[in-house]
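Worksheet for the structure shown next.
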Amino acid sequence: MELKKTLLMPRTSFEMRGNLNVKEPIFLSRWNEEYLYEEMLKNRQGAPQYALHDGPPYANGNIHCGHMLNRLLKDFIVRYKNMSGFNTPFVFGWDTHGLPIENQVTKQGVNRKTTPIVEFRQKCREYALKQVAIQKEQIERLGVVGDIENPYLTLDKKYEARQIEVFAEMALQGLIFKGLKPVYWSPSSESALAEAEIEYYDVTSPSIYVSFNVTDGKGVLDKSDKLVIWTTTPWTLPANLAISVHPRFEYGLYETSKGRLVLLKEFKNRLQEELELGEMKLLKSLQGQELDGVKVKHPFYDRESLVLTGEHVTNEAGTGLVHTAPGHGVDDYNVCQKYGIAPYCPVDDRGFMSGEAGERLEGLFYEKANSVVLNMLKENNALLMEGESLHSYPHDWRTKKPLIFRATPQWFCSIEPIRKNLLAEVKKVHWVPSWGETRMINMIKDRNDWCISRQRAWGVPIPIIYCEDNTPIIDKEVFDHIIKLFAEHGSDIWYGKEAKELLPVGYKNSRSPNGLFSKEKDIMDVWFDSGSSFNGVMRERGLKFPADLYIEGNDQYRGWFNSSLTISTAVFKKSPFLNCVTHGFVVDENWDKMSKSKGNGIDPTKVANQFGADILRLWAATIDYKQDVRISEGIIMQVAEGYRKVRNTFKFLLGNLANGEDQPFSIKADKVDTFEVVDNFILAELERVKNDAINYFEKYDFSNGISRIVTFMSSDLSSFYLDITKDVLYCNSKTSLRRLQVQNVIYQSIDILMRLLTPFLPFTMDEIYHSLPNLEKTNVQLLDYPKVSSVFPDSVIKDYRAFMELRNIVLKKLEEARSAGLIGSSQEANVLLSKKNDFLKQLGLDKNITELARLFVVSNVGFGSYETVLVTRAEGQKCPRCWNYVERLHEHEEHAVCERCLNVLKENK
Ligand SMILES: [Zn+2]
């Protein structure tokens, strides 16, 4: 008989090659057939709920790497919490209203202006549902679990009704109002935009200084004096109604080569040069307060502008006197409100100057109006200096065209009355990373009233009906009726019925003596749609509210976190989430944004189909997602390499549970209770790794937890333990206690590592699970997560580290002996250790020479009066079965083997 055939070499059905692209789809169908998600909930019936509420991605286009990262992080948490003993309902959501969908439908040849609105909305709905179906399939491929059959869509009737419910409550509280107010307006989209829809780019604008002649100096200035302002938007001068000064700044009236000018004293030197004012003589010093009420002539219209005082005036740029157009700026609007000056805005929806701006400007696009305004200033001798300035300017995030501030009638949600509560709620939330709290607080501190109306078609209509005198009806009975209609018919009913038909039967209002009513045409900001999801989903479906966790990209401080927090605090006086985690953006390997035009995009669906979703999952689990994270083909290859190592370690572990062709190791039949020192070392280290990893995962820190696990697998487990136990595993008899001990350690390692990694690599771990004997559950996901141990054997770890130090010295000496040609393989060596080694005595290893020799993978260990470690060439003969050197070989049939091997061969017979 060949000796090689008497060895117990590893064997397992678990394949070396992942072939994830082929296997994962098979696993997915099996999970579907097993109703995995439903089974997960059943498994935790009656357990405390852990509610992660899904922030709805926008239903347009294929999923990109940002979606993929977000979906995977959520899935890690859902799977982890479920295995840890929580009931984890997870409802996928989609944001399905809004302009990008309208634009896509228009691109397909549907004319928004000529198509009846109900029909146009139907096209939008069809488009949105198609997009949801595409994205559903793509995210399922990633192996994410949740209620994919019943997702929430913001276009659902019930969802819309729940949205109107919170709107009505806010309106009844007096938080919703209609006003003429400057808002970010996109001429290219012909709509108001939310702050979250704005991007800033640098642009070059005209930079001009303009003088205004005093008409009424209130006793502090003369009629020949001039006030100087600076602006980079000459086209807003037609809307100038005032000049603002700071009440406590010090201004000066100067005699200059360009007349008697008023400007901020501290700017004198800069302006003298910039405006070429020649010799300047201070005629008078004035506190800003003293200028309050002074009147000046508009530089090219026959009307006056008023001097106001306001705290918004800064001493950072310009002249310290601020051009004030309440129709074109929020600060301007606010200061003018105090003086009773109404906003005025001679610019239309598309950004063209209206007739109010006068003949010369009427019909000009606002940017073109700049040069005409400059000419008018020159003709009136009011232009002191013109130049150019490069500055950051707001743009429409979709059309990439510049925005303007423009006063229009809009619906608002007042922030001021709830600001204090909002700030208090922010402080109650646990933010990860912790700077999220400051970011959110700053966002809320500076936040203006929220403009919630949009002049578009595809969205939830603002459910306001007006009386004959245009008074909006804010009445619980009316709102309740509309909520019922929406729940039953969806918001399309708003467009299919007359205003009167939307009111309760027999509704009367003294402001409509003739029984005539009209309805609001604007729709709601999509951030109001998604921001009310805690009501449309968590409360509607009876899930935990507030939710345990919201986790999204860090652009959502401005977006979804903000709108959700605002609505929930307004209506329920509390934050809709207890924890808020954010992740960075996914960029390419040079930290550049991914874009189609650059061709640096990575398509996650393609990667999943080519390399496997578990590769993407391993990537997502090992990056520091709190910052921007990189992905590229090269990075994916590196991750795949790391994956192969993990897989190979598991393959080796699984293989050694086999006992040749016999019954494999069974944890029930083959369990042992006594272990050798080194087994205890590894079991203690495994315990510690498990504890550390769980502590990291509890803090949503996946990368440190996974790194702890993977490092343990490749170093302590693979390079050390599996290396030194090979001799026992391959050469000992299958009934030997030592081999069973090692198999027990291996089984426990597989069991714990597999459970730890299941939330992250569910495909691979399920494959491993199905390679084990005696399964109790259909899916590895239904097992319990390991728990942190309350008592931990610190002393064992200390001994372990001390032993490893000794082992390192031995390995170094062996390496030296090898270089010197004394030995080839380490089995050709004997190691002699110092007699004085109390540490080995303490561990009892001085008595167990066989075990000690195994720990160094040498043939023999002796003790003597050596200071450190001595390596000699092993004497005796090499056993042809195990390659160890022994004094004497024993004859057995045609072979001569060592005593251990002899016994194994005899037993095998
Ligand atoms: Zn042998």
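Counting starts at 1 for both ligands and their atoms, in listed order.
R11 meets the side-chain contact (heavy atoms from CB on, under 4.5 Å) test with A658, E661; sequence neighbours excluded.
The list of ring pair (Phe, Tyr, Trp, His ring centres under 6.0 Å) pairs with a residue in residues 650-670, not counting sequence neighbours, reads F665-Y747. For residues 612-622, the pairs satisfying side chain to side chain donor-acceptor pair (under 3.5 Å) are D75-R617, D614-T764, with sequence neighbours left out.
Under the 4.0 Å criterion applied to side-chain N and carboxylate O atoms, R141 and E24 are assigned as salt-bridge partners. Taking 4.0 Å as the cut-off between side-chain N and carboxylate O, D846 and K841 do not count as a salt-bridged pair.
Of all protein N/O/S atoms, those under 2.8 Å from the Zn ion (ligand 1) are C879 SG, C882 SG, C898 SG, C901 SG, and waters are not counted.
A side chain to side chain contact (heavy atoms under 4.5 Å, CB included) with N744 is found for one member of D679, I667, T674 and no other, namely I667.
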